[in-house]
Amino acid sequence: MLMVCLIRSPDTRSNQRIDQTHPVSEFQLIHRYFADLGVARPDVVLGIGDDCALLEVPAEQMLAVSIDTLNVGVHFFPDTDPESIGHKALAVGLSDLAAMGAEPAWATLALSLSDPDASWLGAFARGFGRLATAHGVQLIGGDTTRGPLSITVQVHGLVPRGKALSRSGARPGDAIYVSGTLGDAGLALRLKQAGVAIPEPLQARLDRPQPRVSLGMRLRGIASAAIDLSDGLAGDLGHILEAAGVGAELELARLPLSPWVAEAVTTSGDWSLPLSSGDDYELCVCIPPAALERAESISVDLGVPFTQIGWIRATAGLAGYLPSGQRLGLSTCGYDHFARF
Ligand code: ADP
Ligand code: MG
């Protein structure tokens with residue numbers, strides 16, 4: 001069992017910092033920051049503190065499970081504020097649950113810390129806890145180790161038996177929709193890499209994505225297929241096309257863009273931001289023609305922008321039509337961590 005000493009703070013006024021002469025154990029650290037994150041759910045029979053958590057899964061529901069890791073220098077910059085890291089570490093998993101139409105319930109957290117700092121942990125826990133509370137999630141366990149900063153979150157959700165949205169149900173003639181706007185996080189990343197100031201709304205889209213959980217749940221029984229956009233629209237839609245053995249056509253003029261991304265596309269003539277930059281955490285959904293009105297009324301009810309961008313076709317491949325009518329063949333290669341090997 002690792003003993004973790006919190007580093008001494010020069011700021012003696014902050015009661016969040018702990019003096020190095022009074023190191024806290026791994027268990028004190030867990031108790032202090034992670035014991036009560038999110039809501040207290042009645043279906044948690046046993047939460048943090050034993051060898052396993054014990055959970056009640058209702059008989060008529062399926063358990064939906066997804067896990068994601070965020071590594072410093074790969075998924076976030078070393079100077080990213082810890083509250084945003086805590087938020088995003090949970091948000092990416094909730095976005096996977098949204099794409100399955102599952103209702104979030106529980107999360108586990110494996111945290112590797114090189115230099116545990118009380119104010120860092122407090123802010124991380126706040127970001128994680130706020131989003132967990134907003135979505136009715138309870139943190140029910142985890143693991144805490146010393147090592148390069150890395151955060152792994154497993155999320156668990158519930159979806160009525162037979163009602164999960166999958167990637168494989170798209171059929172020719174279905175309409176393709178996306179929620180929100182595309183390419184904002186990608187533009188924030190490009191500006192950061194170029195050392196240019198990032199407008200706050202774009203920074204928020206990169207650091208604190210809002211998973212489309214309510215939309216995913218309401219699309220149960222309506223959408224034929226769904227995926228969340230983590231690696232770019234073309235690549236992620238490509239997974240739907242491959243799973244169903246179909247193709248698609250997109251009208252690029254229909255892509256929902258924020259003013260910043262619209263300007264970047266207009267100025268450069270380069271559509272890669274909305275088509276292939278990652279970290280959007282919007283939903284891409286296929287809707288059969290008979291369900292279009294119901295789908296659109298749900299988006300109005302929820303106040304979530306939901307835009308038709310194209311159609312599923314029987315012929316394989318992904319094509320985009322420019323406003324001029326020119327046809328572009330689009331690569332469905334999304335971001336690949338191992339592409340250079
Ligand atoms: P074990 O040795 O049985 O793996 P640990 O000593 O790692 O258990 O953890 C003790 C308890 O604290 C367990 O209930 C575990 O799930 C929980 N826990 C450990 N780290 C975290 C964390 N970062 N967040 C939430 N719960 C944690
Ligand atoms: Mg154990």
Side-chain angles (χ1 to χ4, degrees), residues 1-7 16-18 20 22-57 63-76 78 80-97 102-158 207-208 211:
M1 308 279 173
L2 175 78
M3 292 294 287
V4 180
C5 297
L6 299 183
I7 60 169
Q16 291 226 323
R17 302 272 182 150
I18 291 140
Q20 198 174 22
H22 300 288
V24 294
S25 71
E26 174 190 342
F27 304 107
Q28 287 170 315
L29 182 154
I30 293 163
H31 181 75
R32 182 164 300 152
Y33 298 104
F34 300 118
D36 307 300
L37 280 198
V39 299
R41 292 177 61 96
D43 50 15
V44 177
V45 179
L46 194 56
I48 288 173
D50 212 312
D51 292 310
C52 293
L54 296 175
L55 310 164
E56 298 276 9
V57 181
L63 186 59
V65 179
S66 174
I67 189 164
D68 283 283
T69 295
L70 301 187
N71 288 328
V72 66
V74 178
H75 300 95
F76 58 90
T80 303
D81 81 275
E83 194 166 334
S84 294
I85 298 171
H87 174 106
K88 191 163 178 177
L90 179 60
V92 299
L94 297 184
S95 179
D96 284 325
L97 293 181
E103 179 172 8
W106 312 298
T108 51
L109 165 66
L111 193 55
S112 163
L113 297 165
S114 55
D115 191 15
D117 171 289
S119 73
W120 192 97
L121 281 162
F124 174 87
R126 199 159 53 244
F128 189 105
R130 277 212 187 114
L131 189 66
T133 301
H135 288 282
V137 169
Q138 181 171 347
L139 181 66
I140 45 98
D143 194 28
T144 307
T145 56
R146 192 186 283 278
L149 181 58
S150 174
I151 301 124
T152 298
V153 175
Q154 184 166 52
V155 291
H156 314 79
L158 297 169
D207 287 345
R208 294 184 294 283

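Throughout, residue positions are numbered sequentially from 1 according to the sequence presented. We count ligands from 1, going down the list as the structure has it; atoms in each ligand are counted the same way. Only a predicted model underlies this, so the values are computations on that prediction, with no experimental measurement involved.
Under 4.0 Å from ligand 1, not a single heavy atom of I140 appears. At a 4.0 Å heavy-atom cut-off, ligand 1 touches T144 through backbone and side chain alike.
Every N/O-N/O distance between L111 and ligand 1 stays at or above 3.5 Å. For ligand 1, one of its N or O atoms has an N or O atom of G142 under 3.5 Å away.
The closest approach between F27 and ligand 1 falls below 4.0 Å for a heavy atom of the residue.
The aromatic rings of W106 and H156 sit tilted relative to each other, their planes meeting at an angle between 30° and 60°.
Taking every heavy atom of G141 and a limit of under 4.0 angstrom, the matching atoms of ligand 1 come to 16 (O), 24 (N), 25 (C), 26 (N), 27 (C). Those atoms of ligand 1 with a heavy atom of I48 less than 4.0 angstrom away are 12 (O), 14 (O), 17 (C), 25 (C), 26 (N). Taking every non-hydrogen atom of D50 and a distance limit under 4.0 Å, the qualifying atoms of ligand 1 come out as 13 (C), 14 (O).
With sequence neighbours left out, D207 forms a side chain to side chain donor-acceptor pair (under 3.5 Å) with Q203. For D81, the side chain to side chain donor-acceptor pair (under 3.5 Å) partners are S84, not counting sequence neighbours.
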What's the verdict on side-chain contact (heavy atoms from CB on, under 4.5 Å) for D68 and T152, showing C-alpha distance, side-chain angles and the deciding distance?
CA-CA 6 Å; D68 283 283; T152 298; over 6 Å; no
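The two residues P211 and H135 make their nearest non-hydrogen contact at CG-NE2, 4.0 Å.
Atom 3 (O) of ligand 1 has its nearest heavy-atom neighbour, among L139, D51, T145, in D51.
Environment of CG in D36: sparse, with no more than 12 heavy atoms of neighbouring residues, nucleotides or ligands closer than 6.0 Å.
Side-chain polar atoms of W120 and D115 form no donor-acceptor pair below 3.5 angstrom.
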